[in-house]
Amino acid sequence: MRYVDHGVLAVGEDGPVEARLAALHAGLVQALDRHRPQIVAIEEVFHARNSRSALVLGQARGVALLAAAQAGAQVRSFAPSIIKQAVTGTGRAEKDQVGRMVCVLLGIAVRERMDATDALAAAICGLLRAREPVAPSEQRPLRAFVTAGRWGRGRR
């Protein structure tokens, strides 16, 4: 496993949702084009604070799935507990523990929001589980990229 790059796409909370989704899509397309991954690891929707949050998260996840499909990447979805277990050894790890382990495993220091370490944790999980059997709809060839985090937040 070798660290290449990471970042956070913060599209803010202001403006129409379609404009923020378009900005998210443009940022993901740019990153996917720059790195040309074979696999995109994405966190499954586990829960949301309320129905509006779930709807917004679902829309953002749909944009990420679209961008990955347009790039020709295989998409692997993982439950948060599976990602935590892959990185820390336990599916009930706290966010800060996951963040610290990501930095140790990759030999980096992440100063950005926890969304960055969440995304890197999903990428690590995707790489560790890349050779496992996948659902027929997921089958294709391999290099990892990830998307995760709260796309609508400009801060944490």
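Just so it is clear, the values below take in all heavy atoms, side chains as well, and ignore hydrogens, waters and symmetry mates. Computed from a predicted model, the values in this text were never measured in an experiment.
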Transitive ILVMFWY side-chain link [X] to [Y], under 4.5 Å:
X    : Y    : answer
V87  : V104 : no
V8   : V29  : no
I108 : I124 : yes
V102 : V4   : no
V98  : Y3   : yes

Counting only N and O atoms by type, is there a donor-acceptor contact under 3.5 Å from the side chain of R61 to the main-chain atoms of E43?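 The answer is yes, because a donor-acceptor pair under 3.5 Å joins these two groups.
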Please report the closest heavy-atom contact between [X] and [Y], naming both atoms and the distance.
X   : Y   : answer
A41 : F78 : CB-CE1, 4.2 Å
L24 : V11 : N-CG1, 3.9 Å
L28 : A64 : CD1-CA, 3.6 Å
A67 : H25 : CB-CD2, 4.0 Å
A68 : V40 : CB-CG2, 3.8 Å
T88 : T90 : OG1-O, 2.9 Å

Counting only heavy atoms not in D14, do more than 12 fall under 6.0 Å of its CG?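 No, the 6.0 Å shell around CG holds no more than 12 heavy atoms from other groups.
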Near Q70 CD, under 6.0 Å, is it more than 12 heavy atoms from other residues, nucleotides or ligands?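 Yes.
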Enter the distance from [X]:[atom1] to [Y]:[atom2] here, rounded to the nearest 0.5 Å.
X    : Y    : atom1 : atom2 : value
K95  : T117 : NZ    : OG1   : 6.5 Å
I83  : E44  : CD1   : CD    : 8.0 Å
D115 : H6   : CG    : NE2   : 11.0 Å
Q97  : R92  : CD    : CZ    : 13.0 Å

Non-hydrogen side-chain atoms of [X] and [Y] separated by less than 4.5 Å:
X    : Y    : answer
L120 : L105 : no
R20  : V17  : yes
R34  : D5   : yes

